[in-house]
Amino acid sequence: MAARFAIHVLDDDHVRRAQIARFAYALGHHAEVYSDPRELATHAPEGGVVVALEDAMVGGVSGLRGLLNREGRWLAIIAPSPNPSIAKAVKAIKDGALDYLPLPLEQ
């Protein structure tokens, strides 16, 4: 049996946020949704992976990492984008993202 992860979805677009959460559920994982970084930090999860859309992250990946670190949380961040580019992917990875994915996600 595959391991189940808590996936914390951060996106300011409620439709896309729900789509990503349904995708996570379809893969057998648990998903929690957040509309902005402060909501995520306020309810700072103890574990799991954060899937954060670049538009929802104030200060990008490094800004979100800093916000979570101030709450004492060190979580992996995956940065998907509806408008991906090589430059954005390189910046996200250099800023500490675990991965950078193009949207929409497909099984």
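If you read the sequence from its start, that first residue is 1, and numbering goes on from there. These numbers come from the heavy atoms of this one structure, side chains and all, not from hydrogens, waters or symmetry mates.
With rounding to the nearest 0.5 angstrom, the CD1 atom of I77 is 9.0 Å from the OG atom of S62. Rounding to the nearest 0.5 Å gives a distance of 7.0 Å between OG1 of T42 and CD of E71. In this structure, L68 CG and W74 CH2 are separated by 10.0 Å, a value rounded to the nearest 0.5 Å. Remark: D11 CG to S35 OG distance equals 9.5 Å, nearest 0.5 Å. Put simply, NE2 on H14 and CD on Q19 are 10.0 Å apart, with the number rounded to the nearest 0.5 Å.
Listed here is the closest heavy atom pair of L53 and P80: CD1-O, 3.5 Å. In terms of heavy atoms, V33 sits closest to A21 at CG1-CB, 3.8 Å. Nearest heavy atom pair, residue A97 against residue V61, reads N-CG1, 3.6 Å. Contact record, P45 with L75: CG-CD1, 3.6 Å, taken as the closest heavy-atom pair. P82 and R16 get closest at one heavy-atom pair: CG-NH1, 3.5 Å.
Under the 4.5 Å side-chain heavy-atom criterion for Ile, Leu, Val, Met, Phe, Trp and Tyr, I20 and Y100 are members of distinct hydrophobic clusters. Follow the hydrophobic side-chain contacts under 4.5 Å out from L101 and you never reach I93; the two are in separate clusters.
A distance-only check finds no donor-acceptor pair linking the side chain of R73 to the backbone of A41 [under 3.5 Å]. With hydrogens and angles disregarded, no donor-acceptor distance shorter than 3.5 Å links the side chain of H29 to the backbone of A6.
P37 has its side chain within reach of L10: a pair of non-hydrogen atoms, C-beta onward, lies under 4.5 Å apart. For the pair V90 and K94, the minimum side-chain heavy-atom distance is below 4.5 Å.
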Inset, instruction - Determine, stepwise, if the pair Y25 / H30 fulfils side-chain contact (heavy atoms from CB on, under 4.5 Å). - result: CA-CA 6 Å; Y25 287 129; H30 175 75; 4.3 Å; yes

Inset, instruction - Given side chain to side chain donor-acceptor pair (under 3.5 Å), test H8 with Y34 step by step and report yes or no. - result: CA-CA 7 Å; H8 307 281; Y34 306 88; 3.3 Å; yes

Inset, instruction - Evaluate the criterion side-chain contact (heavy atoms from CB on, under 4.5 Å) for residue pair L40 and L64; output intermediate values, then yes/no. - result: CA-CA 10 Å; L40 176 62; L64 181 59; 4.0 Å; yes

Legend entry - Working for side-chain contact (heavy atoms from CB on, under 4.5 Å), residues I78 and V50: CA-CA 6 Å; I78 297 174; V50 176; over 6 Å; no

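Using a 4.0 Å cut-off between charged side-chain N and carboxylate O, D13 and R17 make no salt bridge.
Around atom NZ of K91, no more than 12 heavy atoms belonging to other residues, nucleotides or ligands sit under 6.0 Å away.
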